[in-house]
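Every value quoted in this text rests on a predicted model; they were computed, and no experiment measured them. Keep in mind that the numbers below use all heavy atoms, side chains included, and drop hydrogens, waters and symmetry copies.
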Amino acid sequence: TSILSIWQHEAADVAAQYAALAPADRERFVLGLGVSHGHMVDGYQKPYSAMKEYLDALDAAPVPLPAGRRMLAALGPKMVRLARDRAAGALPYLVTAEHTARAREALGEGVLLAPELKVVLDDDLTRARETARAYLAFYLPMPNYTNNLLRLGFTEEDFTDNGSDRLLDQPYAAIFTTRSFWPGSSLQATVVRSQSGWPSVVMACLPGASTRCSIAAAIRRSLALVRC
C-alpha cells in the first residue's frame with residue numbers, strides 16, 4: 001500500500017479490511033504505515049508512541065494484521081528500530097544513500113529495507129537541479145523530513161531556496177545518464193552515474209512483449225554492467 005497515515009485510518013478499520021481478504025490474498029498484502037507531519041494532522045502529538053499504539057491495535061484485532069505483513073515509513077533511529085522489532089521492515093521516504101546505510105545497520109540482515117531514492121534523468125546539470133528543486137519545494141516545509149536531513153549533517157541553510165546543491169546531490173541519487181542497448185534485444189538500460197560518488201543505478205525498460213530478454217536476464221545483465 002506504500003504509506004498509509006495512521007491519523008487518517010483507524011487501526012480497527014484497517015484490520016477489518018485485511019480480515020476481509022481471502023486467505024491467499026493476505027499472503028500477498030503488505031501494509032505501509034507512517035506518522036505523516038504535524039502541520040497536516042489535527043491533534044498531532046507523540047508520533048512514536050502513536051505508532052506503537054497503532055501496532056498494538058493491529059495485533060489485538062479479531063484477525064490480527066501480523067508484523068510480517070506491515071512496514072513502517074521510518075526515518076529516525078527509534079522508528080527504524082520499531083520497524084525492525086514490530087514490522088517486516090522499513091520504507092523510508094526522501095532519504096539519502098547514507099541514511100540507507102545507517103538504516104541497514106540498525107535493522108540488521110534479513111529485515112526488509114525499501115528506501116525511496118530520487119533520480120533525475122537529464123544530461124544537463126543545471127536543468128536537472130531545477131527539476132529537483134521544483135519537486136523538493138513540496139517536501140522541505142515538512143519537519144519530519146528536514147529533521148532527518150539535519151541528523152545526516154545538513155544545516156538549515158541547505159533548505160533555503162528549495163535546496164542547496166549539496167542537498168540536491170544526496171536525496172537525488174544521480175543526475176547524469178548514459179544509455180546502452182544490447183544487440184538482438186529490445187532491452188534498454190539507463191546507467192545513472194551518481195553525483196555523490198555512490199554506486200550507479202540501472203533502470204531496465206522492456207518496451208514490448210516481443211523482447212527476447214526475460215526480466216531475470218535483464219537484472220543479471222544490469223548487475224553485470226554496474227560491476228563493470
Side-chain angles (χ1 to χ4, degrees), residues 1-3 5 32 34 36-40 73-76 90-104 113-183 185-208 210-211 213 215 218-228:
T1 64
S2 193
I3 304 171
S5 171
S36 190
H37 304 268
H39 68 289
M40 301 176 69
L75 293 176
L91 56 147
Y93 187 88
L94 192 63
V95 294
T96 67
E98 181 182 352
H99 182 278
T100 300
R102 292 185 185 184
R104 170 49 67 203
L113 176 60
E116 184 269 355
L117 297 170
K118 292 173 171 41
V119 177
V120 176
L121 296 181
D122 201 322
D123 56 10
D124 184 289
L125 178 58
T126 300
R127 186 173 57 202
R129 285 177 169 155
E130 290 174 355
T131 300
R133 285 191 173 93
Y135 188 87
L136 280 180
F138 177 75
Y139 293 101
L140 287 181
M142 300 183 182
N144 287 354
Y145 293 134
T146 53
N147 288 339
N148 187 55
L149 293 169
L150 290 172
R151 283 191 295 268
L152 291 167
F154 295 100
T155 68
E156 295 287 349
E157 293 181 354
D158 287 309
F159 307 146
T160 60
D161 299 323
N162 296 331
S164 66
D165 288 350
R166 184 171 81 102
L167 176 63
L168 294 177
D169 292 347
Q170 294 296 322
Y172 283 83
I175 3 188
F176 290 126
T177 69
T178 59
R179 295 179 180 273
S180 62
F181 301 85
W182 283 286
S185 169
S186 59
L187 175 66
Q188 173 181 328
T190 303
V191 185
V192 186
R193 298 299 175 185
S194 172
Q195 282 294 108
S196 54
W198 291 91
S200 301
V201 177
V202 173
M203 288 170 289
C205 177
L206 301 173
S210 61
T211 179
C213 286
I215 293 177
I219 292 172
R220 286 195 298 271
R221 301 186 79 168
S222 296
L223 290 175
L225 183 60
V226 170
R227 286 194 295 269
C228 292

Expected list for residues 149-157: side-chain donor-acceptor pairs under 3.5 angstrom, two or more places apart:
unit_1: R151; atom_1: NH2; unit_2: N148; atom_2: OD1; d: 3.2
unit_1: T155; atom_1: OG1; unit_2: E157; atom_2: N; d: 3.4
unit_1: T155; atom_1: OG1; unit_2: D158; atom_2: OD2; d: 3.4

At what distance, to the nearest 0.5 angstrom, does [atom1] of [X] lie from [atom2] of [Y]?
| X | Y | atom1 | atom2 | answer |
| --- | --- | --- | --- | --- |
| Y145 | F159 | OH | CZ | 13.5 Å |
| L94 | L117 | CG | CG | 9.5 Å |
| L168 | R133 | CG | CZ | 4.5 Å |

Contact summary for [X] and [Y], nearest pair of heavy atoms:
| X | Y | answer |
| --- | --- | --- |
| G32 | T1 | N-OG1, 2.8 Å |
| N144 | S36 | ND2-O, 2.6 Å |
| A90 | A74 | CB-CB, 4.1 Å |

- prompt: Can you find a heavy atom in the side chain of H99 that is under 4.5 Å from one in the side chain of P115?
  reply: no
task: Determine, step by step, whether L140 and L167 satisfy the side-chain contact (heavy atoms from CB on, under 4.5 Å) criterion, reporting the C-alpha distance in whole Å, the side-chain angles of both residues, the deciding distance to 0.1 Å, and the verdict.
output: CA-CA 11 Å; L140 287 181; L167 176 63; 4.1 Å; yes
- prompt: Are the side chain of S164 and the backbone of T160 linked by a donor-acceptor contact shorter than 3.5 Å?
  reply: no
